[in-house]
Amino acid sequence: MDSFEPDDNKTTNGDSGQEALPPPPPVIPPDIVPLRAEHEQAPEPEQPPEPVKKKVVRVPIARRGLGNKGQKIPLLTNHFKVMVSNVDGHFFHYCVSVTYEDGRLVDGKGIGRRVIDRVQETYDTELSGKHFAYDGEKSLFTVGPLPRNKLEFTVVLEDVQSNRNNGNSSPDGRGSPNESDRKRMRRPYQSKTFRVEISFASKIPMQAIANALRGQESENSQEALRVLDIILRQHAAKQGCLLVRQSFFHNNPRNFADVGGGVLGCRGFHSSFRTSQGGLSLNIDVSTTMIIQPGPVVDFLIANQNVRDPYSLDWSKAKRMLKNLRIKTNPSNTEYKITGLSEKPCKEQMFTLKQRNGKDVDGDSTIEVTVYDYFVNHRGIELRYSGDLPCINVGKPKRPTYFPVELCSLVSLQRYTKALSTLQRSSLVEKSRQKPNERMKVLSEALRSSNYDSEPMLQSCGISISTSFTQVEGRVLPVPRLKVGNGEDFFPRNGRWNFNNKKLVQPTKIGKWAVVNFSARCDIQGLVRDLIKCGELKGILIDAPFDVFQENPQSRRAPPVVRVEKMFEEIQSKLPGAPQFLLCLLPERKNSDLYGPWKRKNLAEFGIVTQCIAPTRVNDQYLTNVLLKINAKLGGLNSILAVEHSPTIPMVSKAPTIIVGMDVSHGSPGQSDIPSIAAVVSSRQWPLISKYRASVRTQSPKVEMIDSLFKRVSETEDEGIFRELLLDFYTSSGKRKPDQIIIFRDGVSESQFNQVLNIELDQIIEACKFLDDKWSPKFVVIVAQKNHHTKFFQPGSPDNVPPGTIIDNKVCHPRNNDFYLCAHAGMIGTTRPTHYHILLDEVGFSSDDLQELVHSLSYVYQRSTTAISVVAPVCYAHLAATQIGQFMKFEDMSETSSSHGGLTSAGAVPVPQLPRLQENVCNSMFFC
């Protein structure tokens, strides 16, 4: 069935005036006035004659009430109550411009704060003693106005590391081979003059914060909260912290944990002001960032490249790694930024040294010396191992300045922005996790030592911060009942269950299959025997494999793509036809470089379901978990919700409903040229909500909004993602169109909610209209966020909150419909709740029904026998994006190996498209 039933007089969207997109139903209850959209929401008495309609701007819906289901439980949360006494005051916003004497703009990060501090010290009376909140760049805020709307000052800073800040002036020459001794004597340090212009921009009433607490958010209230957050950042900057958005990291080795490869996890704190139903609060949490191991450059490089000594280093790799990092040099202890390495080793790298001739200062003669000779003989500095290694260059392209590598040490608190390896990641998780009671102790201590009460800007706002955790009431939702094989019912305990002595609810049969071994050491006969036996116990009938394909030892050293090709030639020559399934044994447990090419070959070229395993510790539990994945991939089901079986899911079982999970995954922060990957998974075979399929597309790097939901290529063709999943739902659900579309969107921040509602949802509605313009399904849009800093604790208990704990009061939004849910059992560290925001609900769920649906969707994840922390469709979207993202890895290694990633040239670069999956696997749960 290619499209929904054809509609004779179907017109393409917008052709007929009357038939163009109807405005969606009112988005908010009539008694709530949306902000900045009042004029657009008034109902029109009748359809205007002209075809152009005023577009309704959707805003997130207001809360309709609180849920009641579940057992009440008292909790504490890491929000600290904030009192504001100066509500009648105003913040004054000023624009700041800092220039050098010659009018060039200062664009350095560190220098702005020093200049503004100096302005404050020097011109205190001219500024009527006002305190500043400065963001380090172009904005400055005061409580109450400065004496004039435009002020200009000149200040002088001594000892400016101009090399660190703007690179346009020569670095301080102490200890540097291309500056003469005479120059050093004449200018013991560099002082620089700066001109500062402060001009009035706007005025923000503090009353806006009180309005936001009553649910009336506005641009003013967001600005006012931004000022408060800037005050916190400035407070941390004055203590010498590294700032990463709203997190602060002190330079204290006690907070550093080595995660390998010359990278340290640095523990710090997040703190930000939040408006909530309970008033204004300060949210404080533990936060971790990655930094470069401080100390000798050579030690860092040896750890980073995992080699034994400096002579084994790959210096081209080192050059990419070191560029733009800051070092201090011995013995002068001056700070520079690394610009590169010397072409030749220290003993051979020449430069021109000026020499003074007697009294005549201008009669300098020059000699050519090596960097080694200069430091050892002219400066009398002993060099133990640098002679044969390249020098560190801190100069400019035309005027290099060299230092032997052993005289250079990396400055502390420099962020590491590349992606972590699997080993580094697991080491970081292990070293940074904290039990709930330990975390509470650390947070109380952090609040005490941050000493916010002494912050003059907070004092002038009349802000005082409570020192005790906020008390909230949670509810523990009832556990969903599951169905397994033979019609058995099953109640998970503590968010977990198992299949001991149980059959799967819909087991598959595996007939034509084979084993492929890429040189993994393993007793294959034993593995196959145990797999078949374990399958039988779970109800999966597995025939003996057709064959075991062993990799030719000669191929082992070949590139991954070649190894996969060779293996497939072998398989094709021996198998009578395409197998139903291939079990693939990989030699490495994580990050095998064969994984991407193998998956691509199977799914995109041949349409074969495949399961990869690295058989290190094979036992019953391991084999059961592998079989759960295989069964789901082959179209079976392991367990389902009892309400799915009966079917009695409120609202969902009454009318055809499709459940969608959407996510975009980006490259690591250091890679700006890797395409982002958008994945959309959707449920099939209604009334089930446990079976899904996925569509995955690439899009421009770092773009969060999905741009291919609707992609019209002609009058009748749409190549977008949504058409694909709607057609699959139609064919798999007995030729029914969904009347209800429930969308879970992952990975967007609050500032992007309006884009989800007005850009992505519009594309989805267009895709529906394009299929059948008389069809108007109802939408529910829910955002799932894991990336926040709210945690919950059980007072007086060392344990995490129980699975199923939900909170929809006090710390939730003053107006919008949101709740926190901890569906899973937090086994290690502190549970991170998922923050769900209901942006739109045209179906009309009650609070309890919607919260229970979200809770139930944490129990339908086919890969494990546990409740998971976020709804299954969102997890599946992550998995699909990650797996298909591996397809890409091998084609654009060349472009992505740049260390700190630069943006591409002016024009938009075409994004490489992903290969499409074969028809027989594209609707499967291949991502399981």
Side-chain angles (χ1 to χ4, degrees), residues 479-492 495-499 502-508 538-540 609 624-625 627-662 679-694 725 728-729 731-734 736 738 740-744 780 782 784 823-824 849-850 852-880 923-928:
V479 179
R481 192 160 45 108
L482 300 180
K483 274 268 182 227
V484 291
N486 299 338
E488 264 187 84
D489 277 6
F490 195 67
F491 278 103
R496 311 177 79 78
W497 61 98
N498 61 51
F499 280 105
K502 289 181 190 59
K503 299 254 192 293
L504 306 183
V505 71
Q506 267 184 30
T508 48
K538 305 287 169 274
I540 302 175
V609 172
T624 302
N625 288 345
L627 282 165
L628 293 180
K629 287 156 65 76
I630 294 170
N631 190 50
K633 287 177 183 182
L634 289 171
L637 276 172
N638 304 327
S639 61
I640 60 171
L641 300 164
V643 285
E644 233 178 320
H645 181 260
S646 45
T648 51
I649 307 168
M651 312 304 271
V652 173
S653 302
K654 288 197 181 86
T657 302
I658 186 170
I659 295 179
V660 176
M662 310 198 318
V680 180
V681 307
S682 56
S683 62
R684 49 202 314 265
Q685 295 181 18
W686 178 83
L688 288 180
I689 58 169
S690 290
K691 269 200 174 173
Y692 292 85
R693 47 96 65 203
L725 59 91
D728 172 70
F729 181 88
T731 48
S732 71
S733 305
R736 292 186 188 87
Q740 300 170 161
I741 299 180
I742 300 176
I743 296 164
F744 287 93
V780 176
I782 302 173
H824 64 303
D849 286 349
L850 194 51
E852 281 221 287
L853 174 65
V854 170
H855 186 220
S856 298
L857 283 169
S858 304
Y859 279 80
V860 301
Y861 189 57
Q862 298 295 309
R863 281 167 45 117
S864 73
T865 53
T866 59
I868 50 174
S869 62
V870 66
V871 291
V874 160
C875 269
Y876 290 148
H878 281 294
L879 290 172
N923 294 326
S924 74
M925 289 178 69
F926 66 84
F927 41 79
C928 251

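Here, residue 1 is the first one in the sequence, and each next residue gets the next number.
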So [Y] and [X], do their side chains get closer than 4.5 Å, heavy atoms only?
{"X": "Ser733", "Y": "Arg684", "value": "no"}
{"X": "Ile689", "Y": "Ile649", "value": "yes"}
{"X": "Ile741", "Y": "Val780", "value": "no"}
{"X": "Val660", "Y": "Ile658", "value": "yes"}
{"X": "Met925", "Y": "Tyr876", "value": "yes"}
{"X": "Phe729", "Y": "Pro656", "value": "yes"}
{"X": "Phe490", "Y": "Lys483", "value": "no"}
{"X": "Gln685", "Y": "Ser732", "value": "yes"}

Parallel under 30°, tilted from 30 to 60°, perpendicular over 60°: which one fits the rings of Trp497 and Tyr859? parallel

Of all heavy-atom pairs between [X] and [Y], which one has the smallest distance, and what is that distance?
{"X": "Ala694", "Y": "Val681", "answer": "CB-CG1, 3.7 Å"}
{"X": "Ala880", "Y": "Ala679", "answer": "CB-CB, 4.4 Å"}
{"X": "Lys691", "Y": "Gly636", "answer": "CE-O, 4.1 Å"}
{"X": "Pro480", "Y": "His855", "answer": "CD-CE1, 3.8 Å"}
{"X": "Gly661", "Y": "Ala877", "answer": "O-CB, 3.9 Å"}

Can you check side-chain contact (heavy atoms from CB on, under 4.5 Å) on Asn638 and Phe499, steps first, answer last? CA-CA 9 Å; Asn638 304 327; Phe499 280 105; 4.1 Å; yes

So, taking the atom named [atom1] in [X] and the one named [atom2] in [Y], what distance separates them when rounded to the nearest 0.5 Å?
{"X": "Cys928", "Y": "Arg863", "atom1": "SG", "atom2": "CZ", "value": "6.5 Å"}
{"X": "Asp489", "Y": "Ser639", "atom1": "CG", "atom2": "OG", "value": "12.0 Å"}
{"X": "Ile540", "Y": "Leu627", "atom1": "CD1", "atom2": "CG", "value": "4.5 Å"}
{"X": "Ser856", "Y": "Arg481", "atom1": "OG", "atom2": "CZ", "value": "11.5 Å"}
{"X": "Leu504", "Y": "Gln862", "atom1": "CG", "atom2": "CD", "value": "9.0 Å"}
{"X": "Tyr692", "Y": "Ser682", "atom1": "OH", "atom2": "OG", "value": "9.0 Å"}

Ignoring hydrogens and geometry, is there a side-chain-to-backbone donor-acceptor pair from [X] to [Y] under 3.5 Å?
{"X": "Gln506", "Y": "Gly485", "result": "no"}
{"X": "Thr866", "Y": "Ile868", "result": "no"}
{"X": "Lys502", "Y": "Glu488", "result": "no"}

Candidate pair Phe744 and Val870, rule side-chain contact (heavy atoms from CB on, under 4.5 Å), full reasoning: CA-CA 10 Å; Phe744 287 93; Val870 66; over 6 Å; no

By the definition side-chain contact (heavy atoms from CB on, under 4.5 Å), identify the one residue from Ile782, Val652, Thr657 that meets it with Leu853. Val652

Could you walk me through whether Leu628 and Asn625 pass side-chain contact (heavy atoms from CB on, under 4.5 Å), step by step? CA-CA 5 Å; Leu628 293 180; Asn625 288 345; 4.1 Å; yes

Please walk me through it: do Tyr861 and Ser690 pass side-chain contact (heavy atoms from CB on, under 4.5 Å)? CA-CA 7 Å; Tyr861 189 57; Ser690 290; over 6 Å; no

Please determine, by modelled atom types, if Thr508 and Asn631 share a side-chain donor-acceptor pair under 3.5 angstrom. yes

His645 NE2: over 12 foreign heavy atoms closer than 6.0 Å: no

